[in-house]
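Predicted model, so just to flag it, every value in this text is computed and none were measured. A, B, ... follow the sequence lines: proteins, then strands. Residue 1 opens every chain.
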Amino acid sequence: MAPSSEASHLPPLERDVLRGRAEVVAPALLGTLLVRIESDGSRSVARIVETEAYRQDDPASHSHAGRTPRTEPMFAAPGTAYVYRSYGVHWCCNVTVEEEGVGAAVLLRAARLLRGHELVRPRRVAAKQDRDLLRGPGRLTQALGIDGPRHDRTDLLDPRNTVLLADDGWRPPQTAVRAGGRVGVRLAAGVPWRFWIAGQPEVSPYRPHPRAERPT
DNA sequence: CGCCGGATGTCCT
DNA sequence: GGACATCCGGCGC
């Protein structure tokens with residue numbers, strides 16, 4: 001029998017979940033799964049514990065200035081990956097949300113690794129503890145081998161692809177979902193569109209932008 | 001734990 | 001040229 005059959009039975013995330021406004025979808029994705037399928041069929045599975053919402057009318061969003069070659073995927077159909085380079089060195093992975101033509105996305109900031117430790121460890125040699133493996137958006141992509149050339153513009157709900165959003169039905173208790181300012185953004189720093197599961201050690205440490213402008 | 005500098009692709013609303 | 005949705009290692013407390 002095929003060794004991958006068990007993992008392949010993880011149900012995909014429902015696309016309709018992604019059609020709502022970014023700041024509604026972002027907390028709704030807490031507890032869902034990110035799956036990385038290697039070329040040999042082996043899989044890593046991680047539980048999403050921290051997200052951030054970005055949308056077109058939001059000064060902190062890449063889509064705020066309109067379409068560019070880089071931000072084009074933000075305007076694609078819901079479920080599309082928007083993978084961009086951060087500070088020239090790291091990759092960050094977003095899921096496009098809202099309707100096609102609207103520049104909105106949810107940044108996947110942190111996750112807890114459930115399976116695939118042996119696949120992730122060699123890509124995250126700098127991680128001193130397991131909780132640091134996918135703690136932060138740059139670390140998350142490095143851990144799962146997500147990058148622009150391979151994954152930008154791919155459909156995260158198409159089971160033929162190598163990075164997928166899945167759903168095993170688990171969700172955090174409502175009382176454990178927290179909201180606050182987004183990490184490292186200068187504009188609209190007070191908008192509480194970062195969401196995380198309280199008590200999860202994989203949630204990335206909050207760090208304000210050095211010149212954050214907060215609304216009065 | 002906190003602060004600092006270095007790495008550097010893509011954009012200038 | 002400067003800013004940026006980041007991370008890491010080195011240093012000091």
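At the heavy-atom level, A:Pro59 lies nowhere under 4.0 Å from the strands shown. Among the heavy atoms of the strands lying under 4.0 Å from A:Ala126 are primed sugar atoms or P, OP1, OP2 only; no base atom is included. Using a 4.0 Å heavy-atom criterion, one finds that A:Val183 contacts the sugar-phosphate atoms exclusively. Within the nucleic acid shown, A:Arg70 comes within 4.0 Å of sugar-phosphate atoms alone, with no base atom in reach, counting heavy atoms only.
Closest to the A:Tyr87 side chain, of the nucleotides C:dT6, B:dG9, C:dC8, is C:dT6. Distances from the side chain of A:Ala65 to the nucleotides C:dC8, B:dA7, B:dT13 place B:dT13 closest. Closest contact between the side chain of A:Tyr54 and the listed nucleotides B:dC11, C:dT6, C:dA5 involves C:dA5.
Spacing between atom CG of A:Leu187 and atom C1' of C:dC4 amounts to 10 Å, rounded to whole angstrom units. Atom-to-atom, CE of A:Met74 to P of B:dT10 comes out at 17 Å; the value is rounded to the nearest Å. For the pair A:His62 NE2 and B:dT10 C1', the computed distance is 9 Å after rounding to whole Å. In this entry the distance linking NE2 of A:His64 with P of C:dA3 reads 19 Å, nearest Å. One can place CG of A:Leu140 at 13 Å from P of C:dT6, the figure rounded to the nearest angstrom. Following rounding to the nearest Å, A:Arg135 (CZ) and C:dT6 (C1') show an atom-to-atom distance of 14 Å.
One N or O donor and one acceptor, one from the side chain of A:Tyr84 and one from the base of C:dA5, sit under 3.5 Å apart.
Within the 4.0 Å cut-off from OP1 or OP2 of C:dC8, at least one side-chain nitrogen or oxygen of A:Arg139 is found. Taking 4.0 angstrom as the limit, A:Arg207 places a side-chain polar atom (N or O) nearer than this to OP1 or OP2 of C:dT6. Between A:Ser86 and the phosphate of C:dC4, there is no side-chain N or O to OP1/OP2 separation shorter than 4.0 Å. Phosphate proximity of C:dC4 to A:His209: present, with a side-chain N or O under 4.0 Å from OP1 or OP2. In terms of phosphate contacts, A:Arg124 brings no side-chain nitrogen or oxygen within less than 4.0 Å of OP1 or OP2 of C:dC7.
Between A:Asp132 and A:Arg124 there is no salt bridge, since no side-chain N of the basic residue sits under 4.0 Å from a carboxylate O of the acidic one. Looking at A:Arg21 and A:Glu98, no side-chain N of the basic residue comes within less than 4.0 Å of a carboxylate O on the acidic one, giving no salt bridge.
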Please assess A:Arg15 against A:Asp155 for the test salt bridge (charged side-chain N to carboxylate O under 4.0 Å, His left out), listing each intermediate value before the final yes or no. CA-CA 10 Å; A:Arg15 197 178 301 271; A:Asp155 185 355; 3.0 Å; yes
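Figure legend. B:dT8 is base-paired to no nucleotide; pairs are counted as Watson-Crick or G-U wobble with both atom distances under 3.5 Å. Remark: C:dA5 base-pairs with no nucleotide; criterion is Watson-Crick or G-U wobble with both hydrogen-bond distances under 3.5 Å.
Around the CD atom of A:Glu14, the shell of radius 6.0 Å holds no more than 12 heavy atoms that belong to other residues, nucleotides or ligands.
A 4.5 Å side-chain heavy-atom check between A:Trp91 and A:Arg85 finds at least one atom pair inside the cut-off.
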